[in-house]
Amino acid sequence: MDRLVVTGGTRLHGSVRISGAKNSALKLMAASLLAEGETVIENVPHIADCLTMAEVLDRLGAGASWEGSSLRIDASGALEVETPYELVSQMRASIVVLGPLLARQGRARVAMPGGCNIGSRKIDLHLKGFERMGARFSYDHGFLNATAPSLRGAMISLDFPSVGATENILMAAVGATGTTVIENAAREPEIQDLAAMLVQMGAKIDGAGSTTMEIHGVDGFTAVRHRVIPDRIEAGTFAIAVCATGGSVTIEEGRAEHLDLVLDKLGEAGATVEAKDRSVRVEMSERPRQIDLVTLPFPGFPTDLQPQMMALLAAARGTSIVTENVFESRFMFVDELNRMGADIRTEGHHAVIRGVDRLSAAPVRALDIRAGAAMVIAALAADGTTDIADIHHVDRGYEDLEGRLTSLGAEVRREPSPWPAER
Ligand code: EPZ
């Protein structure tokens, strides 16, 4: 397992191009199962999670092959219906093949996803929605067996605007008989990207991006070519990094409209932000000021940028309060930040961050994708050279992070880790 060795203190300058959005690409790949033909998805990031999803599709009989950053998925033939545990345990998002398989095959056998470092990651909202559409479930040996001889449209109200549940139910509803209404639907840009591709394929969807979606089921879908939207979380990660180190960076393909609140908060912390139609420029010339933030479903502040913001605020002027409302335990990485000299106390969903003058380098671990990105940001601003172990977590969600940071002037290198990997 690799580690990143980061020497802090260099300001970031230049421009960086954002990849396609991981949290859209994975669902677009699942949606390709609906069409008996060759779907081409462009701008797919070369990251571990997309390689895993491509393997899931392969195991289902939909051949996935890379052509540069385009992925060609041939779902012409009959599909298998079982996704193996070793893939689902690597990436819980594999569960979103359930919706398209129910719509196309009327059945699916999916390994139950485990929890992870940020929470239990339940799927009860997914299953309640499918049950309302007529699906029935049984469980054996860690697998969920779903059968839906004929999916029918239903009124579905989500207790929580779950991104995955909205997407999974959407991908079943497009092929159900009749009309489905999803109340309290998630509104993330990635949902809108998925709906756009499904409509291209022949689906009838109203209200994507709003809290109420109405879907009229259709028979059969056309395989299409679709380009993934830029990754707003990757863009936000780079914007926060330059605020932590100081400097000036142009984020190519960054969509300001997907980062409204994030850019506002960075402005409050002292950054100068200039939004253009296909890029965002972020400059920081002073030590960040304290800010308070609350994570919420889109358009609220994204939980996937909460750890990165905590790393920024750890060395800000003043005391900040961060409230995490989306996941029940997304502060696990705080102990790693405190090992670098941060002064952060957490109590349930709240964290109080007393800004210190400067963090100091220490051996730390990446606990998950975004916690790992937070440790990189902390190390870029810290005094000394930091070893970040278990960097495979970061590789799940960021393409060549060290190469792109180096191109902005950072001192970052990847080395094999001398320590045993943390599972
Ligand atoms: C997606 O996860 C993203 N992953 C996450 O990004 C992101 O943090 C999350 O949405 C919220 O924006 C992908 O898209 C692959 P949720 P998802 O269902 O769909 C609870 C990253 O780093 N819940 O909106 O799993 C759940 O426990 C990852 O890129 C239920 O209780 O998120 C959590 O507390 C991390 N029952 C909350 O809802 C359910 O059936 C939000 O989960 C489903 C969810």
Side-chain angles (χ1 to χ4, degrees), residues 19-31 44-45 47-50 52-53 56 88 90-99 110 112-132 137 144 156-171 182 184-194 211 228-229 231-237 258 261-262 295-308 324-333 349 366-374 393-399 401:
S19 307
K22 164 179 89 78
N23 293 347
S24 176
L26 295 174
K27 300 16 165 336
L28 300 174
M29 292 166 74
V44 180
I47 52 177
D49 274 9
C50 290
T52 303
M53 184 59 94
V56 168
V88 178
Q90 278 175 46
M91 185 188 60
R92 61 178 310 285
S94 316
I95 195 76
V96 294
V97 300
L98 199 45
V110 183
M112 292 294 283
C116 68
N117 277 326
I118 59 177
S120 62
R121 310 300 296 273
K122 295 182 294 185
I123 59 167
D124 56 319
L125 301 179
H126 300 232
L127 304 184
K128 264 166 52 180
F130 293 137
E131 276 173 344
R132 296 294 304 264
F137 301 102
L144 165 76
I156 295 166
S157 185
L158 294 176
D159 302 2
F160 180 89
S162 152
V163 171
T166 301
E167 293 163 332
N168 225 346
I169 293 165
L170 173 61
M171 289 192 277
I182 305 175
N184 200 22
R187 301 170 55 193
E188 277 69 2
E190 293 75 29
I191 308 262
Q192 300 173 54
D193 198 24
L194 172 61
T211 53
V228 185
I229 56 171
D231 192 320
R232 62 191 169 100
I233 303 302
E234 183 182 77
T237 302
H258 293 165
L261 206 46
V262 177
T295 70
L296 284 167
F298 193 87
F301 191 93
T303 175
D304 288 350
L305 287 175
Q306 174 261 98
Q308 298 90 318
E324 170 57 58
N325 288 314
V326 177
F327 287 102
E328 68 264 26
S329 62
R330 200 168 198 169
F331 287 144
M332 306 268 277
F333 67 97
H349 286 266
L367 300 183
D368 62 70
I369 303 176
R370 309 302 174 186
H393 288 292
V394 176
D395 295 339
R396 288 187 50 195
Y398 294 91
E399 196 173 349
L401 184 60

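The first residue of the sequence shown is numbered 1, and numbering continues consecutively from there. When a ligand or atom number is given, it counts from 1 through the structure's own listing order. Just so we're clear, the structure is a prediction, and the values are computed from it rather than from any experiment.
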Which atoms from ligand 1 have a heavy atom of R330 less than 4.0 Å away? 8 (O), 22 (O), 35 (C)
Contact between E167 and ligand 1, counting heavy atoms under 4.0 Å? no
Exercise: identify the closest heavy-atom pair between D159 and K128: OD2-NZ, 3.0 Å
Got a salt bridge between K27 and E167, using NZ or NE/NH1/NH2 to carboxylate O under 4.0 Å? yes
Determine if the distance from atom 35 (C) of ligand 1 to the closest protein heavy atom is below 4.0 Å. yes
Side chain or backbone of K27 under 4.0 Å from ligand 1, or both, or neither, by non-hydrogen atoms? side chain
Modelled atom types, side-chain donor and acceptor of E399 and S19, under 3.5 Å: yes
protein heavy-atom neighbour closest to atom 20 (C) of ligand 1 works out as F160 CD2, 4.8 Å
State the atoms of ligand 1, each with its element, that fall below the 4.0 Å cut-off from a heavy-atom position in V326. 33 (C), 34 (O), 37 (C), 41 (C)
Please work out whether any backbone atom (N, CA, C, O) or any side-chain heavy atom from C-beta onward of R370 is under 4.0 Å from ligand 1, and answer side chain, backbone, both or neither. side chain
Could you list the atoms of ligand 1 found under 4.0 angstrom from a heavy atom of K22? 21 (C), 29 (O)
Suppose we measure from atom 30 (C) of ligand 1 to each protein heavy atom; which comes out shortest, and what is that distance? D124 OD1, 3.7 Å
Which residue and atom name correspond to the protein heavy atom nearest atom 12 (O) of ligand 1, and how close is it? V163 CG2, 3.8 Å
Side chain or backbone of A93 under 4.0 Å from ligand 1, or both, or neither, by non-hydrogen atoms? side chain
Checking a contact table here: which protein heavy atom is nearest atom 9 (C) of ligand 1, and how many Å away? F327 CZ, 4.0 Å
Less than 4.5 Å apart, side chain to side chain, heavy atoms only: is that true for T295 and R330? no
Short version for D304: what comes under 4.0 Å of ligand 1, heavy atoms counted, is side chain
